[in-house]
Asker: 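Got a structure for you, written out below as structure tokens; questions coming shortly.
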Protein chains: 2
Amino acid sequence: MSEATQQLKAARDEFVAQWGALGTQWGINRTMAQIHALLMTAPEPPSTDDVMEELQISRGNAHTNLKELVAWGLVRVVVRKGERREFFEAEKDVWKIFTIVARERKRREIDPALEVLRRCAEESQSIETAEGRAFHDQMKQLGEFVEFASRMADKVSAMKYGFALQMASKFF
Amino acid sequence: MSEATQQLKAARDEFVAQWGALGTQWGINRTMAQIHALLMTAPEPPSTDDVMEELQISRGNAHTNLKELVAWGLVRVVVRKGERREFFEAEKDVWKIFTIVARERKRREIDPALEVLRRCAEESQSIETAEGRAFHDQMKQLGEFVEFASRMADKVSAMKYGFALQMASKFF
DNA sequence: ATCTGTTTTCAAATATTACTGAAAACTCGA
DNA sequence: TCGAGTTTTCAGTAATATTTGAAAACAGAT
């Protein structure tokens, strides 16, 4: 193996390992993040077995996390003609990755929060004590803010990257 | 206990429980989120023992998570004159909560990612193969985007709520 | 200096989450 | 319809994260 190839392998391995560690702090499981890193930096879409081998993980694990990445929309399944098995290709465009992650996190983190806040505000609507009103107000304020944040996230996700950059440069 | 008080207690308990569950998906531990919910809706700042009792948790657990909330800046320690023990008061202003969480998540999630990307881009700088260049470009693009996102987060966090609203209404 | 109520620490116990390995269920070609 | 290659599932196991409980440290009050 040439010097250059070795260097590249080292850099890539580090990226995979570190991205995995980061994933953990992001509330994403380590393996899923590692696979994502691997696919993002793969010259050709790997198969399940390639992933298993590179990361030294079991078939079940590789399969589950690849499926999860596909469910997020961060990875596409590719079928090659004449090949039975599936290959996996990561989205590499940073703005697309960003909008996908933003949408997904909104769906998982923001929408359920809104639901909770709405229900709590509703349930405390009619409580006539001072404490009751304070609680109701708190729920309402939180709910309105989260609603606002949610809308903003939608708007930004729907933008083209160029437009976002342009807007940013105008404002800041 | 009056009807109204019971209703309120029920609503509050639900909020605490659900906020705790949400916290989990946010990558925040359940107890920390529950305590936060409890404090946000407390008419008076509770003591460690109050928290222990309300949530039925151990002293060590209550203590650790209260400290963590204080470290985030979401909770303040209050000392009452003539009282030896400490009471804990949550920040209730939604915009402040948002900016604190944004800052903290940036510090924990974005900054380390930037660091990794920068190092990988640097290490692959000099690799002259096609694959090497592709890897380097990928790292650079990711890095530049994360850098951009990071700056935006800073700017937004530094805004006054009114200004943010105004800006939002102008743009969307 | 000692006592008392309180906070802080941390090793051990528990709970949660992720992973493995192997078997079952597909899929397509012959 | 059968069989080889591949994907999917899942019960058991391993790894990780959280919580407990009890002891140590601390800070006034006497």
Asker: In whole angstroms, how far is the C1' atom of D/dT9 from the CD atom of A/Glu68?
Answerer: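 These atoms are roughly 16 Å apart.
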Asker: Quick one: do B/Arg80 and B/Glu86 make a salt bridge, cutoff under 4.0 Å?
Answerer: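 The answer is no: the pair does not qualify as a salt bridge.
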Asker: In terms of side-chain heavy atoms of B/Thr48, which of D/dT19, C/dA18, C/dT7 is nearest?
Answerer: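 Nucleotide nearest to B/Thr48's side chain: C/dT7.
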Asker: Between A/Lys67 and D/dT9, does any side-chain N or O lie under 4.0 Å from OP1 or OP2?
Answerer: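 So the side-chain polar atoms of A/Lys67 do come within 4.0 Å of the phosphate oxygens OP1 or OP2 of D/dT9, strictly under.
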Asker: Any donor-acceptor pair under 3.5 Å joining the side chain of B/Arg84 to the base of C/dT4?
Answerer: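 Side chain to base: pair found, below 3.5 Å.
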Asker: Looking only at side-chain N and O atoms, does A/Asn65 come under 4.0 Å of OP1 or OP2 in C/dC19?
Answerer: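 The answer is yes; a side-chain N or O of A/Asn65 sits under 4.0 Å from OP1 or OP2.
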Asker: If you assign each of B/Phe88 and A/Met32 to its closest nucleotide in DNA chain C, which residue comes earlier from the 5' end?
Answerer: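 Between the two, 5'-proximity favours B/Phe88.
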Asker: When the distance from CZ of A/Arg59 to C1' of D/dG5 is rounded to whole Å, what number comes out?
Answerer: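 Spelled out: CZ on A/Arg59 to C1' on D/dG5 is 10 Å.
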Asker: Let me know the distance between CE of B/Met52 and P of C/dT7, rounded to the nearest Å.
Answerer: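 After rounding, the gap between these two atoms is 10 Å.
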Asker: Does C/dT8 have its OP1 or OP2 closer than 4.0 Å to a side-chain nitrogen or oxygen of B/His63?
Answerer: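 B/His63 to C/dT8 OP1/OP2: side-chain N or O found under 4.0 Å.
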Asker: Taking B/Thr41's backbone N and O only, do any of them form a donor-acceptor pair with B/Arg12's side chain (distance below 3.5 Å, no angle check)?
Answerer: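 Yes, the answer is positive, given that a donor and an acceptor are paired below the 3.5 Å cut-off.
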Asker: A/Arg85 has an atom CZ; how far is it from atom P of C/dG29, in whole Å?
Answerer: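 Interatomic distance, CZ of A/Arg85 to P of C/dG29: 16 Å.
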Asker: Strictly below 4.0 Å: does B/Asn61 bring a side-chain N or O up to OP1 or OP2 of D/dT20?
Answerer: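 Checking D/dT20 against B/Asn61, a side-chain N or O does come within under 4.0 Å of OP1 or OP2.
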Asker: Return the value, rounded to whole Å, for the distance between atom CG of B/Leu66 and atom P of D/dT18.
Answerer: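 Going from B/Leu66 (CG) to D/dT18 (P), I get 16 Å.
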Asker: Using atom types as modelled and distance alone, determine if a side-chain donor or acceptor of A/Ser150 lies under 3.5 Å from a backbone N or O of A/Val146.
Answerer: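 Not confirmed, A/Ser150 side chain does not pair with A/Val146 backbone.
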Asker: If you define the side chain from C-beta out and look only at heavy atoms, does anything of B/Leu39 sit under 4.5 Å from B/Leu74?
Answerer: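 No; the side chains remain at least 4.5 Å from each other.
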Asker: At under 4.0 Å between heavy atoms, what does B/Thr24 touch on the DNA or RNA strands: base, sugar-phosphate, or nothing?
Answerer: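 The answer is sugar-phosphate, as B/Thr24 gets under 4.0 Å only of primed atoms, P, OP1 or OP2.
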Asker: In terms of side-chain heavy atoms of A/Asp49, which of C/dT7, D/dG21, D/dT7 is nearest?
Answerer: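 Among the listed nucleotides, the one closest to the side chain of A/Asp49 is D/dT7.
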Asker: Rounded to the nearest angstrom, tell me the gap between atom CD in B/Gln34 and atom P in D/dT18.
Answerer: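 These atoms are roughly 13 Å apart.
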Asker: Counting the atoms with a prime plus P, OP1 and OP2 as sugar-phosphate, which does B/Asn29 contact under 4.0 Å by heavy atoms, base, sugar-phosphate, or nothing?
Answerer: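 Answer is sugar-phosphate: B/Asn29 comes under 4.0 Å of backbone atoms only.
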Asker: Just how far, in rounded Å, is C1' of C/dC19 from CG of A/Leu55?
Answerer: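 From A/Leu55 CG to C/dC19 C1': 13 Å.
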Asker: With heavy atoms under 4.0 Å as the rule, sort A/Thr31 into base, sugar-phosphate or nothing.
Answerer: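 Here A/Thr31 touches the backbone only, sparing every base.
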Asker: Can you tell me the distance, in whole Å, between the CD atom of A/Glu83 and the P atom of C/dT27?
Answerer: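 From A/Glu83 CD to C/dT27 P: 18 Å.
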Asker: Using modelled atom types and a 3.5 Å cut-off, is there a donor and acceptor pairing between side-chain atoms of A/Trp95 and backbone atoms of A/Met159?
Answerer: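 Yes, A/Trp95 side chain to A/Met159 backbone: donor-acceptor pair under 3.5 Å.
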